[in-house]
Number of protein chains: 2
Amino acid sequence: MASQQKTPRKAAGTGAAIRRSPARAANGRARGGDANDDIGLDALVGHAGYAVRRFQLWIFQDFIKTLAAVDIRPTQYSIMTVIGANPGLSQMAVAKRLGIERARLVHLLDSLEERDFVNRVPSATDRRSHALHLTARGKTALAQFKRLAAEHERHVAEKIGKDNRERLLQILAGFT
Amino acid sequence: MASQQKTPRKAAGTGAAIRRSPARAANGRARGGDANDDIGLDALVGHAGYAVRRFQLWIFQDFIKTLAAVDIRPTQYSIMTVIGANPGLSQMAVAKRLGIERARLVHLLDSLEERDFVNRVPSATDRRSHALHLTARGKTALAQFKRLAAEHERHVAEKIGKDNRERLLQILAGFT
DNA sequence: ATCAATTGTTGTCGTCAACAACAATCTTTC
DNA sequence: GAAAGATTGTTGTTGACGACAACAATTGAT
């Protein structure tokens with residue numbers, strides 16, 4: 001990390017010239033100028049992971065923005081949705097189902113419980129586990145969240161196209 | 001956070017009996033037993049963001065695993081790919097192109113420079129910026145990375161189907 | 001009764017996105 | 001050409017997140 005520390009900007013006055021290889025074509029610009037979108041990605045295009053990362057970023061940002069008024073993030077929404085559809089689940093069950101680490105779920109449930117959306121009820125059959133339930137307030141809140149989430153989903157449809165969205169859901173159905 | 005602290009498990013000894021409601025249907029399980037995949041997701045299915053999140057997780061894990069031998073992560077790979085295809089770019093240009101914060105790119109380039117894959121050359125036209133280049137070692141390394149990345153991409157194709165993968169890339173092309 | 005496994009919890013570590021602030025350096029404008 | 005404003009790289013902080021490790025309480029199996 002101490003490799004080049006404080007940016008010794010002036011140090012290397014190396015007249016070593018640089019003259020960007022003119023043969024390389026695709027490059028050029030250097031100082032923004034105008035279009036900075038003409039930067040070749042080369043192999044990056046054609047990489048599913050890259051496209052998915054960018055898309056995931058966009059979609060989460062839109063979700064957060066659309067649900068900003070109620071201050072609910074995607075993970076919180078997914079938790080409430082699962083509990084709402086399957087009341088009484090244990091934390092392990094929820095964690096496993098959503099692919100969340102149970103250690104992380106603890107804090108997530110803490111915040112949801114603080115806001116009186118979720119309830120940890122001691123399980124009757126297993127004194128180790130908690131049965132998770134939505135509170136009355138949580139249920140009505142979730143209903144509103146779902147409306148906003150539906151609006152977000154419309155944004156997605158507008159962005160990539162209605163049928164493309166459905167095709168996407170179909171392709172990735174195996175991961176839900 | 002202090003809401004329910006140390007799990008007062010025993011406290012509620014409420015002999016209130018409970019005998020889990022047999023009517024609840026859909027839930028039930030509690031202790032793993034056998035199939036724990038029968039938990040309804042309700043509205044979660046049909047949410048692009050959720051599917052994309054799970055997929056992105058899978059795909060990144062596979063990328064990391066496939067390139068574990070060379071210790072290259074997706075972001076590092078994308079940086080080297082872009083620099084390789086457009087030598088001389090500034091950090092701002094790379095950051096903007098890849099959707100990485102320029103603050104974050106600093107550390108990423110530090111590590112790549114430490115490993116002698118990338119070079120920060122003082123720009124000839126703008127003494128504020130650095131012209132980014134792959135080192136000789138970086139170029140040969142990138143060639144190998146690309147072979148491994150191609151292998152990873154084959155894993156993706158195996159997972160979701162060859163044509164589904166291409167359709168996915170096509171749908172998300174606007175985000176690259 | 002004993003030992004292994006499970007559940008919720010706490011804590012730590014490393015990655016990552018989002019900001020804010022700063023010095024050095026352009027660029028613009030008068 | 002000097003002052004004001006914008007850019008570039010950098011440092012630092014915050015918070016969400018995934019991955020692990022350890023632990024007490026409890027359950028299940030031997």
Side-chain angles (χ1 to χ4, degrees), chain A residues 1-11 30-33 36 53-54 56-58 60-61 63-65 71-79 89-96 98-111 113 120-132, chain B residues 1-11 29-33 36 53-54 56-58 60-61 63-65 71 73-76 78 89-96 98-111 113 120-132:
Chain A
M1 358 186 99
S3 71
Q4 43 120 196
Q5 41 191 71
K6 282 295 185 183
T7 357
R9 274 154 176 157
K10 23 196 57 182
R31 19 338 185 301
N36 51 349
R53 168 180 165 262
R54 298 296 297 257
Q56 208 255 9
L57 218 53
W58 181 90
F60 265 54
Q61 283 172 347
F63 186 100
I64 294 172
K65 197 192 308 172
D71 190 28
I72 284 291
R73 316 202 76 232
T75 312
Q76 298 175 312
Y77 176 76
S78 70
I79 293 172
L89 281 186
S90 70
Q91 298 187 191
M92 260 309 288
V94 171
K96 209 179 295 182
L98 293 177
I100 301 174
E101 279 225 276
R102 72 182 195 277
R104 189 167 143 52
L105 186 60
V106 173
H107 304 294
L108 289 166
L109 284 176
D110 283 349
S111 73
E113 209 172 20
R120 279 189 254 220
V121 180
S123 167
T125 59
D126 188 338
R127 290 207 316 230
R128 289 171 303 178
S129 67
H130 299 158
L132 301 174
Chain B
M1 5 201 87
S3 69
Q4 45 116 198
Q5 43 195 70
K6 282 297 186 179
T7 356
R9 271 145 179 169
K10 23 197 57 182
R29 115 246 333 93
R31 10 355 174 293
N36 51 351
R53 168 180 164 263
R54 299 296 297 256
Q56 208 255 10
L57 218 54
W58 181 89
F60 265 55
Q61 282 172 347
F63 187 99
I64 293 172
K65 196 192 309 173
D71 190 28
R73 318 200 72 233
T75 312
Q76 299 175 312
S78 70
L89 281 186
S90 71
Q91 297 187 191
M92 260 308 289
V94 171
K96 209 178 296 181
L98 292 178
I100 302 173
E101 279 226 276
R102 69 183 197 278
R104 190 166 140 53
L105 185 59
V106 173
H107 303 294
L108 289 166
L109 284 175
D110 283 350
S111 73
E113 209 172 19
R120 278 190 255 222
V121 180
S123 166
T125 59
D126 189 338
R127 291 206 313 229
R128 290 172 304 180
S129 67
H130 299 158
L132 301 175

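Each chain gets a letter, A, B and so on, in the order the sequences are listed, and its residues count up from 1. Not measured: the values here are computed from a predicted model.
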Subject >> Separation of atom CD in B/E101 from atom P in C/dA21, rounded to whole Å >> reply: 15 Å
**OP:** Rounded to the nearest angstrom, tell me the gap between atom CG in A/L98 and atom P in D/dG18.
**Re:** 10 Å
**OP:** Would you give the length of the straight line joining atom CD of B/Q61 to atom CD of B/Q56, rounded to the nearest 0.5 angstrom?
**Re:** 10.0 Å
Subject >> Any side-chain heavy-atom pair of B/P74 and A/R53 under 4.5 Å >> reply: no
**OP:** Send over the distance from A/D126 CG to C/dG8 C1', rounded to a whole Å.
**Re:** 11 Å
Original post:
Do the non-hydrogen side-chain atoms of A/R102 and A/Q91 ever get within less than 4.5 Å of each other?
Top reply: no
Original post:
Do B/L109 and B/H130 touch side chain to side chain, with heavy atoms closer than 4.5 Å?
Top reply: no
Original post:
Got A/R120 and A/L132 here, is their nearest side-chain heavy-atom distance under 4.5 Å?
Top reply: yes
Subject >> A/S129 vs D/dT26: side-chain N/O to OP1/OP2 distance below 4.0 Å >> reply: no
Subject >> Interatomic distance, B/F60 CZ vs C/dA17 C1' [rounded to whole Å] >> reply: 13 Å
Original post:
Rounded to the Å, how far apart are A/L105 CG and D/dG18 C1'?
Top reply: 13 Å
Original post:
Which whole-number value in Å describes the distance from B/L132 CG to D/dT8 P?
Top reply: 13 Å
**OP:** Look at all strands and tell whether B/Q91 reaches a base, only sugar-phosphate, or nothing, counting heavy atoms closer than 4.0 Å.
**Re:** sugar-phosphate
Original post:
About how many Å separate CG of B/L89 and OG of B/S123, when rounded to the nearest 0.5 Å?
Top reply: 11.0 Å
Original post:
5'-most contact on DNA chain C: A/L57 or A/R104, nearest heavy atom basis?
Top reply: A/R104
Original post:
Does the side chain of B/L98 reach to within under 4.5 Å of the side chain of B/L105, using non-hydrogen atoms?
Top reply: no
**OP:** Quick one, give me the B/S/- string for nucleotides 1-7 of chain D, reading 5' to 3', where B means a protein heavy atom under 4.0 Å from the base and S means that only happens at the primed atoms, P, OP1 or OP2.
**Re:** ------B
**OP:** Tell me which of A/R73 and A/R102 sits closer to the 5' end of DNA chain D, going by the nucleotide each one is nearest to.
**Re:** A/R73
Original post:
Atom NZ of B/K96 to atom C1' of D/dG9: distance rounded to whole Å?
Top reply: 14 Å
**OP:** Tell me which of A/Q61 and A/H107 sits closer to the 5' end of DNA chain C, going by the nucleotide each one is nearest to.
**Re:** A/H107
Original post:
What nucleotide, of C/dT9, D/dG12, C/dT25, holds the atom closest to the side chain of A/V106?
Top reply: C/dT9
**OP:** Starting from P on C/dC19, measure out to CD1 on B/I100 and report it in whole angstrom.
**Re:** 16 Å
**OP:** Respond yes when some side-chain nitrogen or oxygen of A/R127 is under 4.0 Å from OP1 or OP2 of D/dA24, and no when none is.
**Re:** no
**OP:** Using a cut-off of strictly less than 4.0 Å, decide whether A/Q76 has a side-chain nitrogen or oxygen near OP1 or OP2 of D/dA16.
**Re:** no
